[in-house]
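See below for the structure under consideration.
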Amino acid sequence: MSTATTKTELADVELAAPDAERLSALLVGLERPPRPSALSASLTFGWRAMLKIKHVPEQLFDVTAFPIMLVLMYTYLFGGALAGSTQEYIQFLLPGILVMSVVMITMYTGVSVNTDITKGVFDRFRTLPIWRPAPMVGYLLGDVLRYVLASAVMLTVGMIIGFRPDGGVLGVLSGVALLLVFAFAFSWIWTMFGLLLRTEKSVMGVSMMVIFPLTFLSNVFVDPKTMPGWLQAFVNNSPITHLATAVRELMAGNWPASALAWSLGWAGLIMVVFGAVTMRLYNRK
């Protein structure tokens with residue numbers, strides 16, 4: 001390196017130092033941008049969750065092909081045996097299988113949370129000046145899009161094969177809205193498992209152990225009156241049974257006050273309990 005080059009570089013450094021000091025003083029004097037609101041931060045993380053779907057479209061398989069398979073399989077396998085005809089059975093089955101499918105895909109919220117923890121993404125989120133629960137709420141808001149898509153796919157297939165809701169468009173939309181509220185609350189269970197367990201496989205395994213008994217031991221497929229008395233006691237008090245009854249009645253054009261109250265009560269209880277546990281784990285993680 002020549003002496004001339006060295007002197008030039010030193011001169012540049014000497015000139016840059018006062019400029020840096022002035023810039024630093026200027027930045028200190030400026031007001032910081034306002035802290036984002038809880039809603040704004042949550043929506044931003046929700047948009048992030050939807051962008052992940054855009055970049056990994058394969059995850060939409062669970063809200064498209066899987067629901068179609070369930071509707072067709074259960075209708076044509078069990079419709080004749082349980083109701084005498086597939087046409088009659090689809091009127092009873094579709095609202096229940098809709099509830100079952102959406103509740104089952106809520107487990108992927110926990111998988112997504114666990115994946116981001118493993119990659120260290122949450123360490124960055126915790127350093128941001130945002131509302132603490134925003135990343136978690138964002139996951140759940142992003143997944144609501146998946147629930148809507150699954151509902152639309154299943155209702156479309158059901159209409160094609162003979163489902164005719166007496167409640168019309170308003171009844172169907174009311175049933176789907178109730179289901180989305182419950183699914184949003186139910187997803188907090190899986191965010192807790194996503195933070196608590198070490199791997200994605202563990203989250204999936206535990207989730208399946210919880211979801212399968214809860215959804216199958218309900219009135220999704222058959223009327224509980226045909227079950228043994230001891231099993232009826234469990235099924236009739238299951239949150240999935242209350243939800244399936246409420247959605248079924250709303251789509252039929254009725255107003256099931258008791259089932260609605262139970263469904264919303266379960267949703268509120270689950271969100272309060274598991275939301276609090278989730279945030280405690282998140283703050284300590």
Side-chain angles (χ1 to χ4, degrees), residues 49-50 52-112 140-184 186-187 190 204 207-208 210-223 240-241 243-252:
M50 287 190 286
K52 291 174 69 175
I53 296 176
K54 174 184 175 182
H55 294 295
V56 189
E58 293 84 3
Q59 60 183 297
L60 290 179
F61 174 83
D62 296 311
V63 298
T64 52
F66 181 66
I68 293 173
M69 180 181 66
L70 283 180
V71 173
L72 296 177
M73 183 175 65
Y74 282 106
T75 299
Y76 291 107
L77 281 178
F78 304 121
L82 296 177
S85 71
T86 56
Q87 187 68 26
E88 291 185 15
Y89 188 53
I90 190 64
Q91 312 306 320
F92 178 86
L93 173 70
L94 188 68
I97 204 75
L98 176 62
V99 168
M100 176 183 173
S101 299
V102 172
V103 168
M104 288 186 72
I105 62 177
T106 59
M107 76 173 78
Y108 294 102
T109 302
V111 175
S112 298
L140 305 185
L141 291 177
D143 282 343
V144 167
L145 177 64
R146 300 173 71 244
Y147 308 152
V148 171
L149 182 58
S151 300
V153 168
M154 296 190 73
L155 287 168
T156 301
V157 175
M159 295 292 289
I160 291 173
I161 63 178
F163 178 63
R164 297 295 181 268
D166 294 333
V169 175
L170 182 60
V172 170
L173 292 179
S174 299
V176 171
L178 176 64
L179 177 56
L180 295 180
V181 170
F182 185 90
F184 179 86
F186 200 73
S187 297
W190 315 128
M204 288 287 292
S207 301
M208 297 297 277
V210 174
I211 285 182
F212 265 90
L214 199 59
T215 52
F216 278 89
L217 297 178
S218 67
N219 66 345
V220 166
F221 301 107
V222 295
D223 191 327
I240 303 301
T241 294
L243 178 62
T245 300
V247 172
R248 190 175 283 130
E249 291 297 318
L250 286 171
M251 291 187 177

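Hydrogens, waters and symmetry mates are skipped; everything else that's a heavy atom, side chains included, is used. One-based numbering along the sequence shown.
By the side chain to side chain contact (heavy atoms under 4.5 Å, CB included) test, I161 pairs with V71, L72, T75, Y76, I90, sequence neighbours left out. Scored by the side-chain hydrogen bond (donor to acceptor under 3.5 Å, both in side chains) test, E249 finds N254 as partners (sequence neighbours excluded). For S151, the side-chain hydrogen bond (donor to acceptor under 3.5 Å, both in side chains) criterion is met by no residue, not counting sequence neighbours.
Note that the CG atom of L98 and the CG atom of L70 stand 11.0 Å from one another [nearest 0.5 Å]. Separating the CZ atom in F163 from the CD atom in Q87 is a distance of 11.0 Å, to the nearest 0.5 Å. Distance check: Y74 OH to L93 CG gives 9.0 Å after rounding to the nearest 0.5 Å.
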Below 3.5 Å, can you tabulate the donor-acceptor pairs from side chains in residues 173-183 to any protein atom, sequence neighbours excluded?
{"unit_1": "S174", "atom_1": "OG", "unit_2": "L170", "atom_2": "O", "d": "2.8"}

Throw together a table of side-chain donor-acceptor distances under 3.5 angstrom for residues 212-221, partners on residues two or more places apart or in other chains.
{"unit_1": "T215", "atom_1": "OG1", "unit_2": "I211", "atom_2": "O", "d": "2.8"}
{"unit_1": "T215", "atom_1": "OG1", "unit_2": "F212", "atom_2": "O", "d": "3.3"}
{"unit_1": "S218", "atom_1": "OG", "unit_2": "T215", "atom_2": "O", "d": "2.5"}
{"unit_1": "S218", "atom_1": "OG", "unit_2": "V220", "atom_2": "N", "d": "3.3"}
{"unit_1": "N219", "atom_1": "ND2", "unit_2": "T245", "atom_2": "OG1", "d": "2.8"}

Just distance, no hydrogens or angles: give the donor-acceptor pairs under 3.5 Å from side chains in residues 103-111, sequence neighbours left out.
{"unit_1": "T106", "atom_1": "OG1", "unit_2": "V103", "atom_2": "O", "d": "2.5"}
{"unit_1": "T106", "atom_1": "OG1", "unit_2": "W190", "atom_2": "NE1", "d": "2.8"}
{"unit_1": "T109", "atom_1": "OG1", "unit_2": "T106", "atom_2": "O", "d": "3.2"}
{"unit_1": "T109", "atom_1": "OG1", "unit_2": "D143", "atom_2": "OD2", "d": "2.3"}

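When all heavy atoms are compared, the tightest approach of D223 to F92 is N-CZ, 4.0 Å. Residues A244 and G96 approach most closely at CB-CA, 4.5 Å, considering heavy atoms. Closest heavy-atom contact between S187 and Y147: OG-OH, 2.8 Å. Here the closest heavy-atom approach between residue G162 and residue Q91 is recorded as O-NE2, 2.8 Å. The nearest pair of heavy atoms linking R248 to P95 is CA-CB, 3.7 Å.
With contacts defined as side-chain heavy-atom distances shorter than 4.5 Å, the pair L149/L145 does not qualify. At least one side-chain heavy atom of M251 sits under 4.5 Å from a side-chain heavy atom of L155.
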